[in-house]
Asks: 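Please find one structure pasted underneath; my questions will follow.
In the text below, chain A, chain B and the rest are named by the order of the sequence lines, each starting its count at 1. Please read all numbers here as calculations on a predicted model, not as lab measurements.
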2 protein chains.
Amino acid sequence: MSDKREQLVVTALGLFLEHGYHATGIDRIVAESGVAKMTLYNHFESKDELIAAALQRMDEQWSTRVDTYLTHIGGSPRDRLLAVFDLHTQWYCEDDFHGCVFLKASHEYTDPAHPMHAFAAEHYQRLRERLAGLAKAAKAKRPDTLARQLVLLLIGATSQALLDDDRSSATQAREVARVLIDAAV
Amino acid sequence: MSDKREQLVVTALGLFLEHGYHATGIDRIVAESGVAKMTLYNHFESKDELIAAALQRMDEQWSTRVDTYLTHIGGSPRDRLLAVFDLHTQWYCEDDFHGCVFLKASHEYTDPAHPMHAFAAEHYQRLRERLAGLAKAAKAKRPDTLARQLVLLLIGATSQALLDDDRSSATQAREVARVLIDAAV
DNA sequence: TAACGTATGTACAAATCTGTACATCGTAGC
DNA sequence: GCTACGATGTACAGATTTGTACATACGTTA
């Protein structure tokens, strides 16, 4: 019966996204999740552990989301590289889009050695490796370099989407990506 | 004798950069600046006003820094567009680099209507317009589109430099920028 | 029926947060 | 020397923070 734990992580994730980690208090998480405070501390040792669980969950969520989207899209490796940008456009158009929890973590915990910051870096490292695999399949000359460039574009698009409330930044980044990919094969 | 006000803004800016806005308390700003708390509230009505003053100051600081760097560099408009990326590399290599206060503001205050978020968006809008002017001087076909792409690259480079503790992300973005600029003229 | 694990609600501890009150000190101008 | 003003230090108010104590209730299982 880990229904309560699930509710806590989901509620916390939403609040962290909208208001940040430091600005979101335990009391608010408890109130909005409809769970008793003692239940929270029964499932998690501390607020930091709840944050870590929320990041972990978002990481898994994105992993499967990218997986299912790319397998559903199909097409050539090049098409799938570009499709990642379409997926980001979908994301930015969601009503509850408030940026990326991992970029947010790197901004609130600037020390690279901090667990939250480190996990955020690893999340994007995993994305980078996945794109490098696709780039290699697309016969790019330097797949790792291309993957790094594409992730930089995605991070830029996500940051700009939040900053300018601009849902089109991913299509804009996609145009740049197309030029890069076609130049790299 | 607004020496104290200056000291407060400088100290606050550094703390906001390293720890964020919500995580930085008034007491710490007061302690590290060596100024009495009442002096702070003599110069600023509230913490939010101090944050606003810090953002304002950083905006002016960057404006003059870009100005002096570009006039010192000289060269063609194309060279100066690329030089902006070199300036960012310089920035990332500073010891006290902890990301961008404006991107940080957009992450901690996700509501686009929030004054801090709005000011951050305006800061990058000013940069965008400046780059559009250079792009026009470089005879780019669509200078506004190019400027948007370049700002997206800069935002991506800055976010990635913080996330991955990677001081080379600006040179990486510069490579992409070079391709875009040469394709746009 | 009895026992056990989980969830609950309230109350609280201890620290920290923003902002204020107030008496005092130091200096610059008249 | 006197006045005015900015800066100081301390103490505090009131709210909020994370985390805990404890008695109670519910449901399942033995």
Side-chain angles (χ1 to χ4, degrees), chain A residues 1-57 101 104-105 107-111 114-117 119, chain B residues 1-57 101 104-105 107-111 114-117 119:
Chain A
M1 183 76 73
S2 180
D3 187 26
K4 304 291 178 179
R5 184 192 156 99
E6 188 74 3
Q7 189 61 34
L8 282 167
V9 171
V10 169
T11 304
L13 205 41
L15 287 172
F16 291 151
L17 252 171
E18 185 165 3
H19 303 287
Y21 303 100
H22 289 93
T24 302
I26 288 286
D27 282 351
R28 183 159 183 193
I29 296 172
V30 163
E32 295 204 9
S33 64
V35 172
K37 186 187 272 194
M38 272 314 295
T39 305
L40 189 157
Y41 281 100
N42 195 355
H43 284 291
F44 304 97
E45 283 223 333
S46 64
K47 180 186 178 183
D48 275 5
E49 218 183 67
L50 173 58
I51 295 177
L55 289 182
Q56 180 83 39
R57 187 193 164 77
V101 282
K104 211 181 289 279
H107 276 96
E108 289 201 45
Y109 308 99
T110 56
D111 181 3
H114 192 289
M116 258 68 105
H117 189 127
F119 187 82
Chain B
M1 183 79 69
S2 180
D3 188 27
K4 303 292 177 180
R5 184 192 156 99
E6 188 74 3
Q7 190 60 35
L8 282 166
V9 172
V10 170
T11 304
L13 206 40
L15 288 171
F16 291 152
L17 252 171
E18 185 165 1
H19 303 287
Y21 303 99
H22 288 93
T24 302
I26 288 287
D27 283 351
R28 183 161 185 190
I29 296 172
V30 164
E32 296 204 9
S33 64
V35 172
K37 186 187 271 193
M38 272 315 294
T39 306
L40 188 157
Y41 282 100
N42 195 355
H43 285 291
F44 305 97
E45 282 224 334
S46 64
K47 179 186 178 181
D48 275 6
E49 218 184 65
L50 174 59
I51 295 176
L55 289 182
Q56 180 82 39
R57 185 191 166 78
V101 281
K104 211 180 289 281
H107 276 96
E108 289 202 44
Y109 307 99
T110 56
D111 181 3
H114 192 289
M116 257 69 104
H117 189 127
F119 187 83

Asks: In terms of side-chain heavy atoms of Tyr41(A), which of dG6(D), dG19(C), dT18(D) is nearest?
Replies: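 It is dT18(D).
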
Asks: Heavy atoms only, 4.0 Å cut-off, all strands: where does Asp27(A) land among base, sugar-phosphate and nothing?
Replies: base

Asks: How many Å lie between CG on Leu50(A) and C1' on dG19(D), as a whole number?
Replies: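 For the pair Leu50(A) CG and dG19(D) C1', the rounded distance is 14 Å.
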
Asks: Is it the case that the side chain of Glu108(A) and the backbone of His19(B) share a donor-acceptor pair, with hydrogens and angles ignored and the cut-off at 3.5 Å?
Replies: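 No, because the side chain of Glu108(A) does not come within donor-acceptor range (under 3.5 Å) of the backbone of His19(B).
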
Asks: Side chain of Lys4(B): nearest nucleotide among dT18(C), dG19(D), dT8(D)?
Replies: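 Nucleotide nearest to Lys4(B)'s side chain: dT8(D).
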
Asks: Please give, in whole Å, the distance from dT18(C) C1' to Glu45(B) CD?
Replies: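 That distance rounds to 14 Å.
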
Asks: By nearest atom, which of the nucleotides dA7(C), dA7(D), dA21(C) is closest to the Met38(B) side chain?
Replies: dA21(C)

Asks: Given atom CD1 of Ile26(A) and atom C1' of dA15(C), what is their separation to the nearest angstrom?
Replies: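 Atom CD1 in Ile26(A) sits about 15 Å away from atom C1' in dA15(C).
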
Asks: Taking atom C1' of dG6(D) as reference, at what distance in whole Å does atom CD of Gln7(B) sit?
Replies: 17 Å

Asks: Which of the following nucleotides, dT18(C), dT8(C), dT8(D), is nearest to the side chain of Val35(B)?
Replies: dT8(D)

Asks: Determine whether a donor-acceptor pair (N or O, by modelled atom type, separation under 3.5 Å) exists between the side chain of Ser33(A) and the backbone of Val30(A).
Replies: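 Judged by distance alone, yes, a pair lies under 3.5 Å.
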
Asks: Counting only side-chain nitrogens and oxygens, does His43(B) get under 4.0 Å of the OP1 or OP2 atom of dA7(D)?
Replies: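 Answer is yes, contact under 4.0 Å.
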
Asks: Let's see if you can work this out: which of dG19(D), dG19(C), dA7(D) has an atom nearest to the side-chain heavy atoms of Lys47(A)?
Replies: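 Of dG19(D), dG19(C), dA7(D), dG19(D) is nearest to the side chain of Lys47(A).
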
Asks: With rounding to the nearest 0.5 angstrom, report the CG to CE distance, Asp111(A) to Met116(A).
Replies: 11.5 Å

Asks: Which of parallel (below 30°), tilted (30 to 60°) and perpendicular (above 60°) describes Tyr109(A) and His114(A)?
Replies: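 Ring orientation of Tyr109(A) relative to His114(A): parallel.
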
Asks: In whole angstrom, give the distance that lies between atom CD of Glu6(B) and atom P of dA7(D).
Replies: 13 Å

Asks: Can you check the Asn42(B) CG to dT24(C) P distance for me, whole Å?
Replies: 20 Å

Asks: When you measure from the side chain of Thr110(B) to the backbone N and O of Glu18(A), does any donor-acceptor pair fall under 3.5 Å?
Replies: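 Flag set: sc Thr110(B) to bb Glu18(A) pair under 3.5 Å.
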
Asks: To the nearest angstrom, how far is Arg5(A) atom CZ from dG5(C) atom P?
Replies: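 It is 20 Å, rounded to the nearest whole Å.
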
Asks: Can you tell me if Lys37(A) touches the phosphate of dA7(C), counting only side-chain N or O atoms and a distance under 4.0 Å to OP1 or OP2?
Replies: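 Negative; the distance criterion is not met.
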
Asks: Taking atom C1' of dT8(C) as reference, at what distance in whole Å does atom CG of Leu8(A) sit?
Replies: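 Checked: the CG to C1' distance equals 13 Å.
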
